[in-house]
Amino acid sequence: MRSLGRVSVVLSCWLVTACAGPGASSTPSFEVPTYADVGAAPAALITGTLERDGACVTVRGPSGPRVLVWPPGTTARLDTAGVIVTEVDGSQYREHGLYAFSGGEYTVADFPQAIAGLANGCRSSQLWYVGPEHPALSP
Amino acid sequence: MMLPSPGATVRNWVQDSFTPTARSITSRVFRVNQTVGSTVCHFGGSTGYGCGQITTNTLAPTSCISHAKPIYVQVHNANGQDLSTGGDSGGPWFWLQQAWGLMNCYAGNQIDGIYTPEDELEISLNITVMTAP
């Protein structure tokens, strides 16, 4: 009886998690790579669609996908519509959305800062250093 | 580095407004003469035309440029006009008909900009900026 009670408690917890809707706190977190220093930053611009390719969150611009490396404190999670990235100021970027990101293009070898959380599968890609502020997209 | 399109004519011009208008470049100013307090102007693809005063010509913006040496120039606009944001990179810095450098980095606030001075640009890209048609 005691073990049946434990099964019931476990099952209840599982059901609550499974029934949680999009945006609930139980949505799985997803790690995005970040750099540490928000001082001087590259001043180029890329416009494209936010996409997810396995563990890599990319922006697909005219020259193909670039793995995004975000300012410190940026978090991400998955919901039914895909990945949602949130910067420390609350700005959100959603998978399939069209965005303009300030910053610059690098490889792992020439990236000017240490990168935390870059998955091995993303290391060979071209990277985009996401600057600390972004100009608005033209309508 | 961008190469000219096939058939294009390379001229000693820089863009200095959204119109766009072309400004002729007839001389080059090297970093040693880009002294603190000097006024210099730029055109950026996002912030457009603006000017400011040099606050240092020995900046090493290592968070922007890997292993940066202290040879970069920072400019500040005391009136609060933006001098740098995403999309300005690669834009010219100039004074009158003089070439002073090319935009690199946002400086942590938009009323400052960081550029590579003219002579360092020529060394790193193995080029000479044209001063005649």
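Throughout, a chain's letter reflects where its sequence line sits, starting with A, and its residues are numbered from 1.
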Do B/E122 and B/R28 meet the salt-bridge criterion of a basic N to acidic O distance under 4.0 Å? yes
Toward chain B, the part of A/Y129 with a non-hydrogen atom under 4.5 Å: side chain
State plainly whether the residues A/R66 and A/E105 are in salt-bridge range, i.e. N to O under 4.0 Å. yes
Given a strict heavy-atom distance threshold of 4.5 Å, which part of B/Q110 is in contact with chain A: side chain, backbone, both, or neither? side chain
Using distance alone, with no hydrogens and no angle criterion, decide if B/D16 and B/T21 have a side-chain donor and acceptor under 3.5 Å apart. yes
Partner of B/C41 by side chain to side chain contact (heavy atoms under 4.5 Å, CB included), out of B/W95, B/W93, B/W100: B/W95
Side chain, backbone, both or neither: which part of B/I65 has a non-hydrogen atom closer than 4.5 Å to chain A? backbone
